[in-house]
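Every number for a ligand or one of its atoms is a count from 1 in the order of the listing. Not measured: the values here are computed from a predicted model.
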Amino acid sequence: MSVLHQLKTSFEEQVQRAQNLNDIESLRVSILGKKGTLTEEMKSLGSLSPEERKSRGGELNTLKDHILSLLEEKERHFEDKELNEKLASETIDISLPPRPEMEGKIHPISQAIDECIAIFGEMGFTLREGPDIESDFHNFSALNIPAEHPARAEQDTFYLPGQGQDPLVLRTHTSPVQIRTMLKEKPPLRIICPGRVYRSDYDATHSPMFHQIEGLVIDKSTHMGHLKGCLEEFLRRFFGDPDLQVRFRPGYFPFTEPSAEVDVLWKSGNGDSKWLEILGCGMVHPNVLKNCEIDPQEYQGFAFGMGIERIAMLKYGIDDLRLFFDSDLRWLQNYGFGNYERSLIS
Ligand code: DAH
């Protein structure tokens, strides 16, 4: 029997005798590893004449392929065996009752903000955000509320140490996002800015932190008619009543001229109805445009701002503002919204 034939028979026997995956791995090393039997045979090819090297090299390679496939086949066999044993021994106990699953709810404030974004989004408005900690400039001065203006007292807030002449405040309204956007972007603009605002107030109808949504439209021929049409359309869609009556009353805000307050005629369950104030709005004051380097001779626009808690309380029938912030899970289970309702707009 030739040496090669003996090697082949010996390898085949060894593979045959292997008991498990570890044996296969040791065989792979002892035959084909750096110092393996077959590797050593290959190394000895160097001392042969070219013709002998060619024919013996070919034979050794054939033997190597043969052994490799034997090893692989045996390896697969052990892997299958291991898996089958595992499957047979690991049974799943399906008699255990499932753990109770906590289902999250969307907070009515988030729901109301999402609905506003969806409605204004369809009207061509895009979203902008600003920081909760604002400079005095963005929150007041640029909005035509100078240092000694009485409107500042109405929006008393929390002050933080700032730099020099421009103290920092927790923003009292979302209107500073108008300023930030006008300073950064060129008109035409059509934006809405939802977010948290802060005032030092606390009772059944006031919370030191609440939410507002601000709107701003700046273009070359925007007028009061656009403002009216836009807000009527929004309110009718938000409250899901195409016949909702909306009333514009003259109002005052330093950053708009003329300004208006908007009421809706609210029908209570017993048939009574009364006018409820919903938001403030107006044509952007020329001083505000100038403060943002926009020429009021070329551009005009309108702005509006409303409290999210107020419209959410009306729409969802919630009667105490403080409940929004109590973090009572039972309340949220009752008033919260499921995921699928997120995209729901009437
Ligand atoms: N910033 C006002 C507030 O907090 C609301 C408001 C009124 C915003 C009129 C506006 C506006 O943009 O034009 O009371």
Self-check item: Among R199, M306, M283, closest by any non-hydrogen atom to atom 4 (O) of ligand 1
Solution: R199

Practice problem: Report yes or no: do H173 and E214 form a side-chain donor-acceptor pair below 3.5 Å? | Solution: no

Quiz prompt | Close approach of Q212 to ligand 1, heavy atoms, under 4.0 angstrom | solution = yes

Exercise. Apply side-chain hydrogen bond (donor to acceptor under 3.5 Å, both in side chains) to D132 and Y198, showing your working.
Key: CA-CA 8 Å; D132 288 16; Y198 305 83; 2.6 Å; yes

Practice problem: Look at the aromatic rings of W331 and H107 and report parallel, tilted or perpendicular, splitting at 30° and 60°. | Solution: tilted

Practice problem: Check the surroundings of atom CD in E293: do more than 12 heavy atoms from other residues, nucleotides or ligands lie under 6.0 Å from it? | Solution: no

Quiz item: Is the count of non-hydrogen atoms from other residues, nucleotides or ligands lying under 6.0 Å from E298 atom CD greater than 12?
Solution: yes

Quiz item: Is the Y316-Y335 ring centre distance short of 6.0 angstrom?
Solution: no

Quiz item: Any idea which atoms of ligand 1 are less than 4.0 Å away from a heavy-atom of Q178?
Solution: 12 (O)

Exercise. Look at atom 12 (O) of ligand 1 and say which protein heavy atom is nearest, naming residue and atom and giving the distance to 0.1 Å.
Key: E214 OE2, 2.6 Å

Quiz item: Of S175, P254, S259, G280, which has the heavy atom at the shortest distance from atom 9 (C) of ligand 1?
Solution: G280

Quiz item: Think K315 forms a cation-pi with F239, using NZ or CZ under 6.0 Å from the six-ring centre and within 45 degrees of its axis?
Solution: no

Quiz item: Going by the order shown, which atoms of ligand 1 are within less than 4.0 Å of some heavy atom of F253?
Solution: 7 (C), 9 (C)

Exercise. For atom 2 (C) of ligand 1, grab the closest protein heavy atom and report residue, atom and distance to one decimal in Å.
Key: F255 CZ, 3.8 Å

Practice problem: Evaluate the side-chain contact (heavy atoms from CB on, under 4.5 Å) criterion for residues I119 and F238: first the C-alpha distance (whole Å), next the side-chain angles of each, then the deciding distance (0.1 Å), finally the verdict. | Solution: CA-CA 7 Å; I119 297 169; F238 182 81; 4.0 Å; yes

Quiz prompt | Geometric N/O contact G215 with ligand 1, under 3.5 angstrom | solution = no

Quiz prompt | Numbering as shown, the atoms of ligand 1 that approach T256 to under 4.0 Å (heavy-atom distance) | solution = 13 (O)

Quiz item: ligand 1 and T172, any nitrogen or oxygen pair closer than 3.5 angstrom?
Solution: no

Quiz item: Going by the order shown, which atoms of ligand 1 are within less than 4.0 Å of some heavy atom of G282?
Solution: 13 (O)

